[in-house]
Amino acid sequence: ADPVDPNQMIAAMEKAFGVTPGQRRNHTKGTCASGEFVGLKAGAQYSRSALFSGTTIPVVARFSLGGGNPHASDSDKGGRGMALEFKLGKELQHMTMLNVPVFGASVPGTFYDLLVALAPDEKTGKPDPEKMKLFRESHPDFHGMSSFIGSHNPPANYANAPYYSLHAFKFVDKTDKQTLVRWEFQPQDGMRPLTDAEMNKGETDFLENALIERTQAGPVKWDMFITLGQAGDSEVDASKPWPEDRLKVQVGTLALTSASNQTNGSCEPINFDPLVLADGIMATPDPVLRARSAAYAISFGKRLSGL
Ligand code: HEM
């Protein structure tokens, strides 16, 4: 079904993942962090956003596990999120990213169909493997993300993962010139996936403490890069990677200096809607990017009302 009504999307999400009253409908388990971002002149060449003015910009961050289970295991394979809110004077800029380089849906309908396939069967209380098989067979746009997640162990620390915009956006410079980009944050600490032995131990809750301890030892940093799109690179489909040889330009560095449990944390009351964009960065018509906003707003409204 496409386009998907956002209320139907959230209803399907609630059936697939369950509901934790007062909490996010997706990426429910998470950790707050804060710090700052400093942009480089190289970024200002492509975008007039205050992000790249060179001044120090306060940032509130939230790291999370994909899915709606508040007790999901940190040892399980799956997406890890990094959401950022940059405070640019009167404006806000959001970046709501995942640690996978391709998304599992070229259109919202694929994501909706996935949620429907994941809904627990009334008899078994578990997703019906047959429905999941049919979903996979009918949605080739899901395969890139699914095989990436299947073949990569999850990170030992949120600080040891890269995070990707997935969607393309448009950077707008001082002369209104637009440049198609995707962005990513690469960890200065390097990547550190759990070993198979570590995964098999099955520890459920280590990511939050590992991040808190890491920030106590000093600022934890990621370099932000943009990849420059060329004619023919998809601007509407985050399930399609761009060719490897595209130019990457470093445009800034994020430094997080503290982290905390999300309960009453700085990130808890934020709706990390990816369409909160400051002057100098524009959304593409990517239908998944466009569909996210309304779904996040419904989830946000519900959790604020204690639902
Ligand atoms: C149609 C596709 C999608 C739907 C319907 C959807 C839905 C949602 C919802 C309802 C939330 C909880 C919002 C809240 O209560 O604050 C959420 C959180 C999140 N989503 Fe999505 N999402 C989609 C695609 C994506 C994509 C493509 C990405 C990555 C680029 C992504 C990354 C995240 C992250 C990182 C969070 C946690 C944000 C936070 O920490 O507050 N989602 N999503």
Side-chain angles (χ1 to χ4, degrees), residues 1-14 16-17 19-33 59-68 70 72 78-85 94-116 118 139 141-142 144-145 149 158 161-169 182-185 207-208 236-240 259 262 265-276 283-284 286-307:
D2 224 307
V4 183
D5 174 86
N7 286 296
Q8 277 180 302
M9 183 75 93
I10 294 297
M13 192 172 266
E14 291 179 339
F17 297 155
V19 172
T20 308
Q23 303 286 316
R24 286 168 173 78
R25 275 2 186 205
N26 193 5
H27 290 258
T28 313
K29 185 179 184 184
T31 299
C32 294
V59 175
V60 177
R62 184 172 180 273
F63 293 90
S64 57
L65 263 67
R80 305 290 183 260
M82 176 167 80
L84 303 175
E85 180 170 271
H94 284 180
M95 297 186 189
T96 310
M97 301 170 278
L98 291 174
N99 67 334
V100 298
V102 285
F103 192 58
S106 61
V107 290
T110 298
F111 194 72
Y112 176 79
D113 290 347
L114 171 66
L115 294 171
V116 171
L118 284 174
H139 295 83
D141 51 333
F142 179 66
M145 181 165 93
I149 288 178
Y158 284 126
Y163 299 93
Y164 302 88
S165 70
L166 295 167
H167 309 288
F169 289 83
R182 284 174 172 173
W183 61 70
E184 65 193 58
F185 283 72
L207 283 174
E208 181 162 288
V236 292
D237 188 349
S239 75
K240 286 207 176 65
Q262 65 179 346
S266 53
C267 71
E268 193 183 34
I270 298 178
N271 171 12
F272 287 96
D273 175 349
L275 289 187
V276 173
T284 52
D286 177 338
V288 173
L289 174 60
R290 299 294 174 134
R292 288 173 68 188
S293 205
Y296 287 47
I298 294 165
S299 173
F300 183 60
K302 285 191 160 188
R303 61 187 172 92
L304 284 193
S305 333
L307 293 172

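Order of listing sets the numbers, starting from 1, for every ligand and every atom in it. Remember, it's a predicted structure, so these values are computed and weren't measured experimentally.
Within the structure, the closest approach of Met13 to ligand 1 falls below 4.0 Å when heavy atoms are considered. By the 4.0 Å heavy-atom criterion, His167 is counted among the residues contacting ligand 1. Contact annotation: Val4 has no heavy atom less than 4.0 Å from any atom of ligand 1.
Here is the list of ligand 1 atoms found below 4.0 Å of a heavy atom in Met97: 35 (C). Ligand 1 places these atoms under 4.0 Å from at least one heavy atom of Val288: 1 (C), 2 (C). Taking every non-hydrogen atom of Arg62 and a distance limit under 4.0 Å, the qualifying atoms of ligand 1 come out as 37 (C), 39 (C), 40 (O), 41 (O).
Taking the side chain as every heavy atom from C-beta outward, Tyr296 and His94 never approach each other to under 4.5 Å. Between Leu289 and Pro274 the shortest side-chain heavy-atom distance falls below 4.5 Å. Side-chain contact between Phe17 and Leu115 is present, with heavy atoms from C-beta onward closer than 4.5 Å. Between Ile298 and Met9 the shortest side-chain heavy-atom distance does not fall below 4.5 Å. Contact of the Phe111 side chain with the Met13 side chain is registered, since non-hydrogen atoms from C-beta on lie closer than 4.5 Å.
The closest side-chain donor-acceptor pair between His27 and Arg62, if any, does not fall under 3.5 angstrom. No side-chain N or O of Ser239 forms a donor-acceptor pair with one of Asp141 less than 3.5 Å apart.
With Gln262 contributing its side chain and Thr28 its backbone, the two residues share a donor-acceptor pair below 3.5 Å. Arg303 places no side-chain N or O within 3.5 Å of a backbone atom of Pro269 that could act as its donor or acceptor partner. Although no hydrogens or angles enter the test, the distance criterion places no donor-acceptor pair under 3.5 Å between the side chain of Thr20 and the main chain of Pro70.
Proximity of Ile10 to ligand 1, defined as any heavy-atom pair under 4.0 Å, is confined to the side chain (atoms from C-beta onward). Under 4.0 angstrom from ligand 1, the non-hydrogen atoms of Arg24 come from both its backbone and its side chain. With a 4.0 Å heavy-atom cut-off, ligand 1 is reached by the backbone of Ser165 but not by any atom from C-beta on.
Scanning the protein heavy atoms around atom 16 (O) of ligand 1, the nearest turns out to be Arg303 NH2, 2.7 Å. Nearest to atom 15 (O) of ligand 1 among the protein's heavy atoms is Ser299 OG, 2.5 Å. The shortest contact between atom 4 (C) of ligand 1 and any protein heavy atom is with Phe111 CE2, 3.5 Å.
Residue Gly79 comes nearest to Ile149 through the heavy atom pair N-CD1, 4.0 Å, listed as atom of the first residue, atom of the second, then distance.
Listed by chain and number, the protein atoms of type N/O/S under 2.8 Å from atom 21 (Fe) of ligand 1 are Tyr296 OH; waters are omitted.
Partners of Glu184 according to the salt bridge (Lys or Arg N to Asp or Glu O under 4.0 Å) rule, which considers only residues two or more places apart in sequence or in another chain, are Lys248.
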